[in-house]
Amino acid sequence: MKNIWIVGVGEPLPVDGINERLHRCGKQTEFLSKDNNVKWITSDFNHSKKINRFNKDTIHNLNKYELHILKTIPYKKNISLIRFFSNFIFSIKLFFYLIKIAKKNVPDV
């Protein structure tokens, strides 16, 4: 059993609601979590609905894997400077978050 971390932003999440269709990261996470310990790390911004899901960084322990959600800033347009800053803020927070959780558990992949 391997420790796997998957990072992706802007996709629908299983905590969004009933019958939410998962995209690439979600499908990979569900597939790999059958035989491995998986952490899915993403932003709290719902790209398709253009809303933030939560008010702070959160961790959801789902049946098969952990879902780590980092707070970011919202944006309205797909191509904009604010979207760039939103992704930049996510990357900075992700860097420090990975250092923090890597002290407890180093990923294999």
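Residue numbers start at 1 and run along the sequence shown. Here the structure is a predicted model, which is why all the values come from computation and not from measurement.
For the residue pair D35 and M1, the shortest heavy atom distance occurs at O-CG, 3.4 Å. Summarising the geometry of F54 relative to H60, their closest heavy-atom pair is CZ-NE2, 3.4 Å, with the distance given to 0.1 Å. The two residues E11 and H23 make their nearest non-hydrogen contact at OE1-CB, 3.4 Å. Looking at every heavy atom in both residues, L13 comes nearest to S43 through CD1-O, 4.4 Å.
One finds no salt bridge joining D44 and R53 here, because no Lys/Arg side-chain nitrogen approaches an Asp/Glu carboxylate oxygen to under 4.0 Å.
Between K39 and T29 the shortest side-chain heavy-atom distance does not fall below 4.5 Å. Considering only heavy atoms from C-beta on, V9 comes within 4.5 Å of N87 through its side chain.
The one candidate from I41, N52, T42 that meets the side chain to side chain contact (heavy atoms under 4.5 Å, CB included) condition with I69 is T42. Exactly one of W5, Y65, F31 qualifies for a side chain to side chain contact (heavy atoms under 4.5 Å, CB included) with V38. That residue is Y65.
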Task: K64 vs N37, side-chain hydrogen bond (donor to acceptor under 3.5 Å, both in side chains): CA-CA, chis, key distance, verdict - done: CA-CA 8 Å; K64 304 174 188 173; N37 295 324; over 6 Å; no

Open item on the list: Show, in sequence, the C-alpha distance, side-chain angles and deciding distance for D57 and K93, and conclude whether the salt bridge (Lys or Arg N to Asp or Glu O under 4.0 Å) test is met.
Closed with: CA-CA 10 Å; D57 297 348; K93 287 182 81 169; 3.0 Å; yes

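Classified by interplanar angle (parallel below 30°, tilted 30° to 60°, perpendicular above 60°), the ring pair Y97/H68 is perpendicular.
Following chains of ILVMFWY side-chain contacts shorter than 4.5 Å, one can reach I92 starting from I99, so the two form part of one hydrophobic cluster. Linking ILVMFWY residues whenever their side-chain heavy atoms come closer than 4.5 Å, directly or via other members, places W40 and V15 in the same cluster. Residues L81 and F45 share a single hydrophobic cluster, defined by chaining ILVMFWY side chains whose heavy atoms lie under 4.5 Å apart. When the side chains of ILVMFWY residues are joined at heavy-atom separations under 4.5 Å, either directly or via intervening members, L62 and I6 end up in a single hydrophobic cluster.
For F88, the CZ atom sits in a loose shell: 12 or fewer heavy atoms of surrounding residues, nucleotides or ligands are nearer than 6.0 Å. Remark: N61 CG is packed, more than 12 non-hydrogen atoms of other residues, nucleotides or ligands lying under 6.0 Å away. Counting heavy atoms of neighbouring residues, nucleotides and ligands inside a 6.0 Å radius, atom CD1 of I82 does not exceed 12 of them. N63 CG: 12 or fewer foreign heavy atoms inside a 6.0 Å radius. Within a 6.0 Å sphere centred on CD1 of I79, other residues, nucleotides and ligands contribute 12 heavy atoms or fewer.
Under a 3.5 Å cut-off, the side chain of S86 and the backbone N or O of I73 do form a donor-acceptor pair. For D16 (side chain) and P12 (main-chain N/O), no donor-acceptor pair under 3.5 Å exists by modelled atom type.
Atom NZ of K50 is separated from atom NE2 of H47 by 4.0 Å, given to the nearest 0.5 angstrom. Atoms CD1 and NZ, on I89 and K71 in that order, are 10.5 Å from each other to the nearest 0.5 Å.
Between F84 and Y75, a ring centre-to-centre spacing not shorter than 6.0 Å is recorded.
Counted by atom type alone, S48 and N46 present one or more donor-acceptor pairs between their side chains at under 3.5 Å.
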